[in-house]
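Chain letters run A, B, ... following the sequence lines, proteins first, then strands; residues in each count from 1.
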2 protein chains.
Amino acid sequence: MKTDDEVKDFILNGYREYVPHVSIDCAIFGYHEQQLKLLLIKLKFIDGWCLPGGYIKRTETLVEAANRIVMERTGIGNLFLQQFKTFGDPNRARINEFDEELWFKATGVKVSKDNWLIDQTISIGFYAITDFSKAEPQPDMMSEKCKWFDIDNLPKLEFDHEEMVKEALHTMRVQLYHYPIGYNMLPEKFTLTEIHALYETLLGKKLDISNFPKKLIALGLLKKLDEKRSIGPHRSPHLYMFDKEKYNMAIKEGVVLS
Amino acid sequence: MKTDDEVKDFILNGYREYVPHVSIDCAIFGYHEQQLKLLLIKLKFIDGWCLPGGYIKRTETLVEAANRIVMERTGIGNLFLQQFKTFGDPNRARINEFDEELWFKATGVKVSKDNWLIDQTISIGFYAITDFSKAEPQPDMMSEKCKWFDIDNLPKLEFDHEEMVKEALHTMRVQLYHYPIGYNMLPEKFTLTEIHALYETLLGKKLDISNFPKKLIALGLLKKLDEKRSIGPHRSPHLYMFDKEKYNMAIKEGVVLS
DNA sequence: CCTTCATTTTGTAAATTTCACTAAATAGGA
DNA sequence: TCCTATTTAGTGAAATTTACAAAATGAAGG
């Protein structure tokens with residue numbers, strides 16, 4: 001949605017192209033220098049921060065929709081998005097608090113109370129993790145701001161999005177043991193210390209340094225390279241990279257890390 | 001829905017009481033004598049077996065809806081239902097194959113192609129496990145038959161319900177290591193052999209008998225009673241029961257069995 | 001009272017994980 | 001050139017967990 005006309009058409013006639021009553025919300029985690037971050041947006045017509053979300057086109061699968069939504073809202077694409085839970089409490093969206101004035105000011109469209117967007121909505125939660133330094137978020141027409149926040153210093157979130165973040169974090173941490181999700185957060189070639197720090201940050205706890213890489217290597221996921229990296233007056237660490245083939249298999253079929 | 005009139009009203013005006021475009025489908029696993037079973041229904045207006053499913057009332061939470069749906073369709077209540085995945089492929093429901101004739105014959109209502117029930121639907125999957133001998137399934141108005149099937153001898157299922165069963169089974173087995181789901185499938189007091197057989201059946205693999213109880217007891221989940229059960233000309237096994245308090249905590253917060 | 005047999009416990013070897021410690025590598029500075 | 005601070009990487013003993021086998025238990029029936 002780039003133009004005012006497109007926004008207007010979406011609000012008035014969107015129910016033809018999109019499935020009403022169902023939305024997708026995405027918890028995009030970002031990793032940078034041992035800090036876990038979360039991408040939040042501030043919509044024009046909602047007074048507070050929330051997860052980037054949107055509606056599903058009638059021709060899309062859920063994952064396709066989730067990817068498009070993140071791309072539209074934030075400019076970040078090509079994520080490995082994972083469903084974590086669907087939220088449907090009748091009170092979750094707090095339709096009662098719908099503010100006609102605010103919507104008009106933000107969109108220039110008179111939205112009546114029987115508009116398809118104002119009805120009860122059930123939301124499917126997706127999460128992804130990405131290297132946040134690679135992705136500079138860019139808000140679109142509907143969103144005013146789009147920003148990374150430290151995971152342990154989030155602002156108050158709208159609707160039931162705090163619960164969503166909690167669930168997303170929990171699912172991400174469980175799945176970290178079953179899928180090699182770390183791929184996108186690291187440079188192509190990385191050291192054991194880097195991947196170790198990544199996993200500790202994502203899990204939010206200490207991991208044994210000497211055993212941890214062994215498992216990844218034993219599974220064939222990690223390949224040791226002949227190169228080293230120079231890090232000043234210290235021993236140079238070896239560089240590693242993922243075995244693309246084994247990695248893709250593991251993403252598809254799952255492995256057991258722990 | 002007990003009467004024809006109620007069915008008719010549901011078909012024609014249900015969108016007022018229920019959230020359109022979203023449904024719930026439930027994989028109800030049953031355990032009996034070391035066999036894992038699945039509850040399937042045969043709807044009047046669909047030519048084949050499928051998971052019991054239904055729509056969500058605008059006043060219900062998702063779990064409440066899932067419980068009501070299972071109760072209405074099968075007569076089985078009070079289940080510990082767990083969400084496992086939401087399905088939204090645009091082709092999953094195969095609306096094109098909608099058979100007006102069959103619907104009319106089954107319900108006595110002329111259903112047009114623009115009826116709310118015929119539109120694209122996204123379905124939220126729930127699963128539960130129950131002691132199948134306790135629950136005699138009873139089909140309702142809309143369902144013709146309702147029957148338990150051995151898990152490794154299922155009939156061909158409609159829509160995407162085969163994939164749903166696969167996912168439900170997978171989630172159930174993963175969660176079995178993190179939550180003591182076995183509660184409802186056993187009598188209040190049970191022997192080690194019984195709970196051991198239960199876990200082996202649910203997981204579909206062998207578990208070591210000598211190490212298995214140690215974990216449950218070490219976690220404090222299991223209490224040894226002073227009673228024994230008489231089983232003929234053999235050593236009488238001790239009876240155990242779950243520690244209700246620890247059990248509830250484990251259900252809420254999760255534990256690690258393996 | 002002795003046999004039978006499923007239950008339950010015990011024992012032990014193998015495998016795995018944990019943890020502390022040591023060795024190796026590096027480049028700047030003495 | 002050699003020493004030092006610092007970080008990576010490997011080693012092996014100790015602790016724990018798992019796998020498997022065998023023995024002990026005890027209730028009923030002959």
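Mapped onto DNA chain C by nearest heavy atom, B:Thr193 and B:Asn211 fall at different nucleotides, with B:Thr193 at the one closer to the 5' end. Place A:Pro237 and A:Pro233 on DNA chain D by their nearest nucleotides, and A:Pro233 ends up nearer the 5' end. Two residues, B:His234 and A:Leu192, neighbour DNA chain D, and the one matched to the more 5' nucleotide by heavy-atom proximity is A:Leu192.
Here B:Ser236 does not reach the OP1 or OP2 of C:dA6: none of its side-chain N or O atoms lies under 4.0 Å away. Between B:Lys228 and D:dG26, a side-chain N or O to OP1/OP2 separation shorter than 4.0 Å is absent.
Atoms CG (B:Leu219) and C1' (D:dT17) sit 14 Å apart, rounded to a whole Å. Atoms CG (A:Leu222) and P (D:dA9) sit 12 Å apart, rounded to a whole Å. Across the protein-nucleic acid pair, B:Leu207 atom CG and D:dC20 atom P stand 12 Å apart, rounded to whole Å. Between B:His196 atom NE2 and C:dT9 atom C1' the separation is 15 Å, expressed in whole Å. Straight-line distance from the CG atom of B:Asp208 to the C1' atom of C:dT16: 16 Å, rounded to whole Å. Residue B:Arg229 contributes atom CZ, which lies 23 Å from atom P of D:dT25 at whole-angstrom precision. Look at CD1 on B:Ile209: it is 20 Å from P on C:dC5, rounded to the nearest Å. If you take NE2 of A:His238 and P of C:dT26, they are 9 Å apart, rounded to a whole angstrom.
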Legend entry - Pair B:Tyr127-B:Gln175, side chain to side chain donor-acceptor pair (under 3.5 Å): steps then yes or no: CA-CA 11 Å; B:Tyr127 84 89; B:Gln175 298 205 352; 3.1 Å; yes
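Side-chain polar atoms of B:Ser23 and B:Thr121 form no donor-acceptor pair below 3.5 angstrom. No donor-acceptor contact under 3.5 angstrom links the side chains of B:Tyr240 and B:Glu194, judged on distance only.
Under a cutoff of 6.0 Å and an axis angle of 45°, B:Lys215 and B:Phe212 do not form a cation-pi pair.
Here A:Lys224 lies in heavy-atom contact (under 4.0 Å) with sugar-phosphate atoms only.
No hydrogens or angles were tested; on distance alone, nothing pairs the side chain of A:Arg235 with the base of D:dT7 as donor and acceptor under 3.5 Å.
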Please tabulate, for side-chain N and O atoms in residues 27-34 of chain A, each donor-acceptor pair with protein atoms closer than 3.5 Å (sequence neighbours left out).
unit_1: A:Tyr31; atom_1: OH; unit_2: A:Leu198; atom_2: N; d: 3.3

